[in-house]
Protein chains: 2
Amino acid sequence: MALTREAIIEAGLNILDTYGLGDLSMRRVADVLGVQAGALYYHVPNKQSLLAALSDEIVRSVLPPSPDAEVDLWLTEWASGLRDALMSRRDGAEVVASSLAVGLGTQQPARQAEERLSAASMPHPEAIAATLLHFVLGHAVEEQTRGQMAELGIVEGGAPEEGAQRFSLGVKIIVRGAQTLAKEGC
Amino acid sequence: MALTREAIIEAGLNILDTYGLGDLSMRRVADVLGVQAGALYYHVPNKQSLLAALSDEIVRSVLPPSPDAEVDLWLTEWASGLRDALMSRRDGAEVVASSLAVGLGTQQPARQAEERLSAASMPHPEAIAATLLHFVLGHAVEEQTRGQMAELGIVEGGAPEEGAQRFSLGVKIIVRGAQTLAKEGC
DNA sequence: ACCTGAACACCGTTCAAGT
DNA sequence: ACCTGAACACCGTTCAAGT
C-alpha cells in the first residue's frame, strides 16, 4: 500500500486517540505505517504541519447549527459543538489550541461564528467570535488535562457535571456580553 | 557558587527571555550554570516542575488593582495587568498557559479576581474569573506567537493597535456579560 | 549532600544510496 | 518518484562513582 499524506494523517489520529499527544512522534507514525521515519518527509514537510493537519481534521468535524436559530442560541450551540469536537479525541483541545497558536492549519475555527454574527449585524463579529473561541479552547484544554490527571489518580476529578455547568456559564457570560455591547450601540 | 533551586529558576528565565521556550532545555540550563545536566535533578524533580516555577514567577508579578476600584474597573485593570505580565517575557503566555493546563504551579492566576468578585457579591465568581482568565491567556498566546512569526517575516504583523483594541473589546464583553448575569439575578 | 561522567532510550530532520 | 539506512545533533532522566 502506497504511503500517502492521508494515510499519515490517519495514523496520526490513531496514535493520538490511543496514546495521546505525548507519544505522537514521527518515528511512531512511521512504525505504525511500517515505514522508515524519513519516508514521511516525502509527503509532509515536518511534524508541526502534521499536527496542523490533525487539528484541521478535528475542526472540520464541527457542524454548524441551523442558520435559522437566533444568534444567541446559535452561538451557544456552536460553542458546545466545538467543545464536543475538541473533546472527541484525546488531547484534541491541545492539538487545536497549539496549531492555532502557531498559525498553521487552514481551518479557521471561528469563521462560522464570525459569519453568523455578521449576518445578524452584530458589532465586532471577529472580537466576539475570538473571545468565545478562546474561552472554549481554554476550557476544553483544562477539562481534558484535568480528566487525564484524574485517570492517573494525581488529582481527584471533581464532578463531571460541574465542568459542564461552568462551561455553559462561561458561554452565557460571553453571549450576554455581546448582546449588551450591541445594545449599547458599539 | 552553590547550585540552588533559585539559581536554576533564574537561569531558566534568562534562557526564556533570550532564546525562547523552544530552546529551553535542561541541558542548556545546566550549561549556563556551568554544571552537568544531571546535577539539576538534585534541586528540581523534572523539567515540567521547572516550567511551573517559571510560570509562578510570571504570575506572581501581576500586581492587583486597588481594592477601592469598582468591580468592573477592577476586573478590566486586572486583565490588562495579567496581560502585561504574560507579555513581559518571551513566550510568557505559553509558559503560564501550559503549566496551568497540566495543573502544576502553586500560583493560581485567577484567585485575586475570584476574591474581588466574591467581595462584590457577584454570582459565580469562579466562572467569571475563569472565563476572563481563559480569554486573557488565549489572546496573549495568540498575540505573542503572531508577533514572533511577524519578526521572522513568516506572516505580516498587522497593526499592534488592533491587537490592543481586540483585547479590551474581549474584556469588555466578558465584564458586561458578568454584569448582566448579576442583574438577571443568577 | 552534592556533583560528574556516562549511559539509556528516545527525539526531528537530512540525505546519499538504492529501486 | 519514492523509500531505506544511516547519520547528525540533539533531548529528559537515571545512576554508579567520586568528593
Side-chain angles (χ1 to χ4, degrees), chain A residues 1-16 18-55 90-91 94-95 98-99 101-105 145 148-149 152 154, chain B residues 1-16 18-55 90-91 94-95 98-99 101-105 145 148-149 152 154:
Chain A
M1 193 184 64
L3 188 58
T4 62
R5 188 184 143 87
E6 285 69 40
I8 292 172
I9 292 174
E10 198 188 317
L13 285 172
N14 283 341
I15 294 174
L16 199 65
T18 319
Y19 304 100
L21 185 56
D23 285 341
L24 179 63
S25 68
M26 295 300 271
R27 293 178 121 102
R28 212 182 226 276
V29 171
D31 274 359
V32 167
L33 295 166
V35 94
Q36 288 293 109
L40 302 180
Y41 290 83
Y42 205 89
H43 302 91
V44 150
N46 49 43
K47 185 180 179 180
Q48 220 168 42
S49 80
L50 172 56
L51 290 176
L54 302 185
S55 167
R90 174 112 91 125
D91 295 326
E94 207 177 318
V95 168
S98 61
S99 280
V102 300
L104 292 172
T145 14
Q148 280 169 217
M149 307 240 304
L152 298 172
I154 300 174
Chain B
M1 195 182 68
L3 189 60
T4 63
R5 188 184 143 87
E6 285 71 36
I8 293 172
I9 292 174
E10 199 188 317
L13 286 173
N14 282 340
I15 294 174
L16 198 65
T18 318
Y19 304 100
L21 184 57
D23 286 342
L24 180 64
S25 69
M26 296 300 270
R27 293 177 121 102
R28 212 181 225 277
V29 171
D31 274 359
V32 166
L33 294 167
V35 94
Q36 289 292 108
L40 301 179
Y41 291 82
Y42 205 89
H43 302 91
V44 150
N46 50 42
K47 184 180 179 181
Q48 221 170 41
S49 81
L50 171 56
L51 290 176
L54 302 186
S55 167
R90 175 111 89 123
D91 295 324
E94 207 177 317
V95 168
S98 62
S99 280
V102 300
L104 291 172
T145 13
Q148 280 168 214
M149 306 241 305
L152 298 173
I154 301 172

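So you know, we letter chains A, B, ... as the sequences are listed, proteins then strands, and number each from 1. Here the structure is a predicted model, which is why all the values come from computation and not from measurement.
- Across the protein-nucleic acid pair, D31(B) atom CG and dC10(D) atom P stand 11 Å apart, rounded to whole Å.
- In this structure the side chain of L51(B) never reaches within 4.5 angstrom of the side chain of L104(B), judged on heavy atoms.
- Taking CZ from R5(B) and CD from E10(B), the interatomic distance works out to 13.5 Å, rounded to the nearest 0.5 Å.
- Taking 4.5 Å as the limit, every side-chain heavy atom of L21(A) sits out of range of all side-chain heavy atoms of R90(A).
- Rounded to an integer number of Å, the gap from CZ of R5(B) to C1' of dC2(C) is 17 Å.
- Summary of the strand contacts: G34(A) and D23(B) both lie near DNA chain D, and taking for each the nucleotide with the nearest heavy atom, the more 5' one is attributed to G34(A).
- For dA9(C) and dA9(D), the P atoms lie 23 Å apart once the distance is rounded to whole Å.
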Worksheet item: Base, backbone or nothing for each nucleotide of nucleotides 12-19 of chain D, written B, S, -, heavy atoms under 4.0 angstrom, 5' to 3'?
Response: BBB-----

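- Between the CG atom in L3(A) and the CD atom in Q36(A) there is a gap of 12.0 Å [rounded to 0.5 Å].
- Taking the C1' atoms as reference points, dA7(D) lies 14 Å from dC11(C), given to the whole Å.
- Proximity of Y42(A) to the phosphate of dC3(D): no side-chain N or O atom is located under 4.0 Å from OP1 or OP2.
- Taking atom CG on L40(B) and atom P on dG5(C), their separation rounds to 15 Å, with Å as the unit.
- In terms of phosphate contacts, H43(B) brings a side-chain nitrogen or oxygen within less than 4.0 Å of OP1 or OP2 of dC3(C).
- Atom CG of L50(A) is separated from atom C1' of dC11(C) by 15 Å (rounded to the nearest Å).
- V29(A) pairs in a side chain to side chain contact (heavy atoms under 4.5 Å, CB included) with only one of the listed residues (I9(A), I15(A), N14(A)), which is I15(A).
- Note that OG of S25(A) is 6.5 Å distant from NZ of K47(A), once rounded to the nearest 0.5 Å.
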Fill in: Pairing string, 5' to 3', for DNA chain C - Watson-Crick or wobble contacts under 3.5 Å, brackets [ ] where pairs cross, | to another strand
||.|||||...|||||.||

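- In this structure, L50(B) and L24(B) have side chains that are not in contact, with every pair of non-hydrogen atoms separated by 4.5 Å or more.
- No donor-acceptor pair closer than 3.5 Å links the side chain of H43(B) to the backbone N or O of I8(B).
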Discussion item. Go through it in stages, so that I can follow the logic: the residues are T18(A) and D23(A), the test is side chain to side chain contact (heavy atoms under 4.5 Å, CB included), and I'd like the CA-CA distance, side-chain angles, deciding distance and then a yes or no.
Written reply: CA-CA 9 Å; T18(A) 319; D23(A) 285 341; over 6 Å; no

